[in-house]
Amino acid sequence: MVKICCIGAGYVGGPTMAVIALKCPSIEVAVVDIATARISAWNSDQLPIYEPGLDDVVKQCRGKNLFFSTEIEKHVTEADIVFVSVNTPTKTQGLGAGKAADLTYWESAARLIADVSKSAKIVVEKSTVPVKTAEAIEKILTHNSINKGIEFQILSNPEFLAEGTAIKDLFNPDRVLIGGRETPGGFKAIQTLKEVYAHWVPEDRIICTNLWSAELSKLAANAFLAQRISSVNAMSALCEATGANVSEVSYAIGKDTRIGPKFLNASVGFGGSCFQKDILNLVYICECNGLPEVANYWKQVIKINDYQKERFVNRIVASMFNTISGKKIAILGFAFKKDTGDTRETPAIDVCRGLLADKARLCIYDPQVSETQIDKDLNMMKYSWEHPVLLKPVSPTALKQVSVVWDPYDATKDAHGICFLTEWDSFKELDFQRIYDHMEKPAYVFDGRNIVDPEKLRQIGFIVYSLGKPLDPWLKDMPAAVA
Ligand SMILES: NC(=O)c1ccc[n+]([C@@H]2O[C@H](COP(=O)([O-])OP(=O)(O)OC[C@H]3O[C@@H](n4cnc5c(N)ncnc54)[C@H](O)[C@@H]3O)[C@@H](O)[C@H]2O)c1
Ligand SMILES: O=c1ccn([C@@H]2O[C@H](COP(=O)(O)OP(=O)(O)O[C@H]3O[C@H](CO)[C@@H](O)[C@H](O)[C@H]3O)[C@@H](O)[C@H]2O)c(=O)[nH]1
């Protein structure tokens, strides 16, 4: 029986391995992690991450051919294929701080593999890593097991799943990408991994490349996706200035088959653990390779994203007579997108920080995010990358102005304004008349996700700001404040 071990039981390692176990009953899959609490959660009824469909997949194979364990050495030793799916965050200190990927976790995983291995292994980069990481990993593995005569083959197999749709994406991926060395050993390793995916992925969707193309394609894909969002968000600002409607513009340009309709929703900004981190990493790689023009081109994607969040905050302050001091503002949605409880890099953090800097009182509701998580996020020191204002951690006094509730009607009661920061479907079903009746007047809605029908809400009496849509007459007279 082929044995797979995955180091890292996170958002990628957990769901990816669960799907491999489900689709390949003949393969034994062990997912290992240093985080004991996380492993315990994977072995319980309350999985550590919220992902539609995941519970069902885990239930079907856990204890049969899928195991979650903290016995890292044992499972790595026994495995034929070792996936490494540890976190690769942006470095916060030292050379390349704020841009380069921090490969500490990766390196320690590689050293462990070298230490405990007694037989040949295929080591698969599942984490998103800088181009040429495989070369470094190869060196660590070979130099640290030099007397054992063990052959390691390194493959790059980046993951393209998106949170909230992880199971759907894993069941039916647009493509699976496998990069390896162009040597007989490399080709054989590629073939072995290809056979795993071939249990359920059509062969024409399994792309095999050299190592560097696979590593770079992952960064390139995220950069292209994020660029689309920044492009449409840049257009949203112009739409507001001209009376155009960004949804109509997106629809019209998306009809061009060369552009396509997906990923053109204007928003308060993209979030998530990947886009910003991977673009910064790309920028750093370009700089290191003497390509400052290319680096600056991609940097702009992040700058527009920061601009969009700042613009949103400024619009709120401006429309409330330039002061939100002491005013209650309801924040509906804190996760970086719907159908996940993940808050990594969520635009809500920066928007909340911006509002707190202007002394607002915030009441936050998100169906999947806990108060502890929100406190942690607002307190967190973020590396301020050329953008000092919104990224400051919230002071202890300001934090007292934040409350977290489990009911959207509690959040909006007596509020002056509501901000929609995540596009949860349940928000569309809210009783807006009831909400309006219990708010201070004028009652504002600031829709950072374009989920409400502005005309319907205006009929109730709300003043509505919808990103990139023709401005409410009230807002037209109050141009967005400048920092
Ligand atoms: N989250 C996503 O949607 C997504 C999608 C595609 C790719 N990726 C990439 O996949 C990688 C993992 O992302 P994630 O979101 O799953 O991260 P995560 O933080 O959720 O999980 C990483 C896990 O690795 C564990 N870990 C770290 N060092 C370890 C070690 N030496 N031994 C054992 N366990 C160790 C951590 O405890 C953690 O549980 C990143 O490189 C990320 O960029 C993420
Ligand atoms: O039209 C759009 C689409 C997305 N977003 C926002 O963009 C962010 C990222 O969304 P999404 O890409 O759906 O989620 P992620 O889970 O971050 O997935 C991205 O990042 C992963 C990690 O690398 C990749 O594997 C995926 O392919 C890639 O889509 C979220 O804040 C979304 O709200 C928009 O604002 N407008």
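One-based numbering, in listed order, for ligands and for the atoms of each. Side chains are part of it too, since the values below use all heavy atoms of this structure and drop only hydrogens, waters and symmetry mates.
In this structure, the protein non-hydrogen atom closest to atom 12 (O) of ligand 2 is F263 CZ, 3.1 Å. Considering only non-hydrogen protein atoms, atom 10 (O) of ligand 2 sits nearest to K337 CD, 4.1 Å. In terms of protein heavy-atom proximity, atom 19 (C) of ligand 2 is closest to F275 CE2, 3.4 Å. Scanning the protein for heavy atoms near atom 16 (O) of ligand 2, the closest one is E163 N, 2.7 Å. Nearest protein heavy-atom contact of atom 8 (C) of ligand 2 is G271 O, 3.5 Å. In terms of protein heavy atoms, atom 5 (N) of ligand 2 is closest to I229 CD1, 3.4 Å.
For the ring pair (Phe, Tyr, Trp, His ring centres under 6.0 Å) test, no residue two or more places apart in sequence or in another chain qualifies with F334. Take F160 and apply the ring pair (Phe, Tyr, Trp, His ring centres under 6.0 Å) test, not counting sequence neighbours, and it matches no residue.
Polar contact with ligand 2: present for F336 (N/O pair, distance under 3.5 Å). Residue L161 has at least one N or O atom closer than 3.5 Å to an N or O atom of ligand 2. At least one N/O-N/O distance between K218 and ligand 2 falls below 3.5 Å. At least one N or O atom of F160 sits closer than 3.5 Å to an N or O atom of ligand 2.
Ring-plane geometry between Y465 and F446 is classed as tilted, the angle between the planes lying from 30 to 60 degrees on a 0 to 90 degree scale. Ring geometry for F275 versus F263: interplanar angle over 60°, hence perpendicular rather than tilted (30 to 60°).
Taken from NZ in K126 to CE in M17, the straight-line distance is 6.5 Å, to the nearest 0.5 Å.
Relative to atom 20 (O) of ligand 2, the option among P261, C274, G164 with the closest non-hydrogen atom is C274. Across E423, Q308, K277, R449, heavy-atom proximity to atom 32 (C) of ligand 2 is greatest for R449.
The environment of NZ in K148 is crowded: more than 12 heavy-atom neighbours from other residues, nucleotides or ligands sit within 6.0 Å. More than 12 heavy-atom neighbours from other residues, nucleotides or ligands sit within 6.0 angstrom of CG on D204.
Close approach of ligand 2 to E159 is summarised as follows: ligand atoms under 4.0 Å from at least one heavy atom of the residue are 25 (O). Heavy-atom contacts of S267 reach the following atoms of ligand 2: 34 (C), 35 (O) (cutoff under 4.0 Å). Every atom of ligand 2 is numbered from 1 in the order shown, and the set under 4.0 Å from a heavy atom of L264 is 1 (O).
Donor-acceptor pairing under 3.5 Å is recorded for the side chains of D102 and T104. Under the 3.5 Å distance criterion, with hydrogens and angles disregarded, no donor-acceptor pair is assigned to the side chains of Q300 and N296. Remark: the E159 side chain and the Y11 side chain contain no N/O donor-acceptor pair separated by less than 3.5 Å.
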Report all side-chain donor-acceptor pairs from residues 128-138 shorter than 3.5 Å, counting only partners two or more places apart or in another chain.
residue, atom, partner, partner atom, Å
T133, OG1, P130, O, 2.6
E138, OE1, R181, NE, 3.4
E138, OE1, R181, NH2, 2.7
E138, OE2, R181, NE, 3.0

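Within 4.0 Å of ligand 1, protein heavy atoms come from I7, G8, G10, Y11, V12, D33, I34, A35, R38, I72, S85, V86, N87, T88, Y105, S108, S127, T128, E159, L161, E163, K218, S273, C274, K277, R344.
With respect to the salt-bridge test (charged N to carboxylate O, under 4.0 angstrom), the residues K277 and E345 do not qualify. Comment: R344 engages E163 in a salt bridge, judged by a side-chain N to carboxylate O separation of less than 4.0 angstrom.
In this structure, D174 and R205 approach most closely via the heavy-atom pair O-CD, 3.2 Å.
Residue N222 places a heavy atom less than 4.0 Å from ligand 2.
Contacts with ligand 2 closer than 4.0 Å are made by heavy atoms of both the backbone and the side chain of N265. For T128, no heavy-atom contact with ligand 2 is shorter than 4.0 Å.
Annotation: W42 is not in aromatic contact with F67 [ring centroid separation under 6.0 Å not met].
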